[in-house]
Amino acid sequence: MELLPQGDVPGGLSRRADYHLRVHGVRVAVPRIETRRLLDLGMPPDDARRVADFQRRWGGWVLPPGAQYSGGPLWFRADVPEPAPGGGWRFDAGPQRTAVPYGFMVGPGGEFGIHAERWTPLHATVEGWVEALALTAHVLMWARRITKVTGGAVDALDLSGYAPVHEVAGLADTWWRGGDELVALYTGEAECFDAPGSRLAIIYSGLDAWGLRGGGPPED
């Protein structure tokens, strides 16, 4: 595996995620995407450009593992585009890091998610997934207490007064901030496999002002 210079970190990230990539990320060589090949597969030009843009922007980035989905993709690498049932095209976002029963994909609207029994977008953008990784790494350093809640008990969580953490662009997976806590809700596997018992909430408590934001936007 050939390591490459990082080059420019993709723009549009919070200071926290930008720092996470610069300090903890590496970049490896991945094949260049030839737009012509994608057009020959029948992809519309806009979708073909989207795959090529993903490879140019994110291809080869290797990040530390996330808290769920057995860490996420080993690295980002566009591959195997296919028509999506609802219209548009989706494509593989990178190989699994461990043996999980789904693949990681980028959807027709740029969503990052998992695909097995059904396509389940986790975040509205790839950047949202990266922001969630960075936020997880940050809050693990600063939380005084970590509590896990699973299955039906997730429904009993009272998040009234908590604000969504917008930079993670949450869909099936969301983050919430309130008081001295950050709460991560993971419902991707539950939705993908129609398994409500797989829902998970992780509550990070005892955070000060830096712990609650740590380089994120001053206002979400």
Side-chain angles (χ1 to χ4, degrees), residues 1 4 6-13 17-18 20-21 24-35 37-38 41 43-44 46-137 167-175 184 186-189 191-193:
M1 184 181 298
L4 300 178
Q6 281 190 348
D8 293 333
V9 169
L13 299 171
D18 182 273
H20 188 66
L21 261 68
H24 302 293
V26 297
R27 202 167 192 182
V28 300
V30 293
R32 180 180 175 182
I33 294 291
E34 297 291 343
T35 306
R37 275 192 62 213
L38 301 178
L41 291 173
M43 290 190 75
D46 286 348
D47 287 301
R49 282 192 292 269
R50 190 165 57 85
V51 178
D53 288 346
F54 170 88
Q55 192 81 329
R56 184 165 46 251
R57 179 173 170 82
W58 290 109
W61 275 101
V62 183
L63 298 176
Q68 298 301 309
Y69 310 102
S70 292
L74 180 59
W75 61 75
F76 286 129
R77 183 199 65 206
D79 198 8
V80 193
E82 62 181 37
W89 286 64
R90 59 191 177 208
F91 57 91
D92 285 352
Q96 296 99 323
R97 189 184 300 261
T98 58
V100 290
Y102 40 74
F104 299 98
M105 304 193 79
V106 175
E111 313 93 331
F112 178 87
I114 58 175
H115 182 255
E117 294 185 10
R118 57 177 61 85
W119 159 239
T120 306
L122 305 178
H123 301 269
T125 61
V126 174
E127 289 80 1
W129 167 261
V130 175
E131 290 280 359
L133 293 181
L135 185 56
T136 300
E167 63 262 31
V168 304
L171 294 175
D173 292 353
T174 55
W175 282 74
Y186 298 98
T187 68
E189 290 185 352
E191 294 184 20
C192 187
F193 297 106

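Just so it is clear, the values below take in all heavy atoms, side chains as well, and ignore hydrogens, waters and symmetry mates.
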So, taking the atom named [atom1] in [X] and the one named [atom2] in [Y], what distance separates them when rounded to the nearest 0.5 Å?
| X | Y | atom1 | atom2 | value |
| --- | --- | --- | --- | --- |
| Leu41 | Trp89 | CG | CH2 | 6.0 Å |
| Leu133 | His24 | CG | NE2 | 11.5 Å |
| Leu74 | Leu63 | CG | CG | 10.5 Å |
| Thr136 | His20 | OG1 | NE2 | 8.5 Å |
| Phe104 | His115 | CZ | NE2 | 13.5 Å |
| Glu167 | His123 | CD | NE2 | 11.5 Å |

For the residue pair [X] and [Y], establish whether any side-chain heavy-atom pair is separated by less than 4.5 Å.
| X | Y | value |
| --- | --- | --- |
| Trp58 | Val106 | no |
| Arg77 | Pro95 | yes |
| Val30 | Trp61 | no |
| Pro73 | Trp129 | yes |
| Met43 | Arg50 | no |
| Phe91 | Ile33 | no |
| Asp92 | Met105 | yes |
| Pro10 | Leu21 | yes |

Flag, side chain of Arg97 to backbone of Tyr69, donor-acceptor distance under 3.5 Å: no
Flag, side chain of Arg32 to backbone of Ala52, donor-acceptor distance under 3.5 Å: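 A pair under 3.5 Å: no.
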State, to 0.1 Å, how close [X] and [Y] come at their nearest heavy-atom pair, and which atoms those are.
| X | Y | answer |
| --- | --- | --- |
| Phe112 | Val126 | CB-CA, 4.1 Å |
| Asp173 | Gly188 | OD1-N, 3.3 Å |
| Thr35 | Ala48 | CG2-CB, 3.7 Å |
| Gly128 | Ala169 | CA-CB, 4.3 Å |
| Gly107 | Trp119 | CA-CZ2, 3.5 Å |
| Pro108 | Arg90 | CD-CB, 4.3 Å |

Pairs touching residues 99-115 that satisfy salt bridge (Lys or Arg N to Asp or Glu O under 4.0 Å), sequence neighbours left out: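 For residues 99-115: none.
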Residue of the set Gln96, Glu189, Arg118 for which side-chain hydrogen bond (donor to acceptor under 3.5 Å, both in side chains) holds with Tyr102: Glu189
